[in-house]
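Quick caveat: nothing in here was measured; it's all calculated off a predicted structure. Because only heavy atoms are used, hydrogens play no part in the values below, and waters and symmetry mates are left out as well, while side chains stay in.
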Amino acid sequence: MKHKQLLLMVLLIGRGAGVYLWGARPYSVAGDCMEPALKEGQRCFVNAVYYKLFPFKAGDVVAFRYEGKAWLARIIALE
């Protein structure tokens with residue numbers, strides 16, 4: 001029984017590490033600029049691969065880095 005539990009734990013940790021390394025990035029919301037969609041202190045995961053496969057569209061919430069800080073913003077218009 002212990003071997004099965006150990007194997008399951010290793011598989012779950014490996015899967016979590018794979019998801020993190022492949023595309024999901026954790027972000028913490030600082031400030032109230034995204035309310036009511038995202039509240040201060042809320043944590044969210046951002047799919048880093050999705051927008052390499054599909055184009056941005058109005059209404060999407062995106063994460064980006066600017067001047068060493070992580071920012072979350074909603075796209076309100078496109079060219």
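- Atom CG of Leu12 sits about 9.0 Å away from atom CE of Met9, to the nearest 0.5 Å.
- The salt bridge (Lys or Arg N to Asp or Glu O under 4.0 Å) search around Lys39 returns none, not counting sequence neighbours.
- Around the CD1 atom of Ile76, the shell of radius 6.0 Å holds no more than 12 heavy atoms that belong to other residues, nucleotides or ligands.
- Taking the ring-ring contact (aromatic ring centres under 6.0 Å, His included) definition, one finds that Phe54 meets it with Tyr50, sequence neighbours left out.
- With hydrogens and angles ignored, the 3.5 Å screen pairs a side-chain donor or acceptor of Arg74 with a backbone N or O of Gly59.
- In this structure, the separation between CG on Leu7 and NZ on Lys2 is 15.5 Å, given to the nearest 0.5 Å.
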Could you check Leu72 against Val62 for side chain to side chain contact (heavy atoms under 4.5 Å, CB included), going step by step and ending with a plain yes or no?
-> CA-CA 6 Å; Leu72 293 170; Val62 296; over 6 Å; no
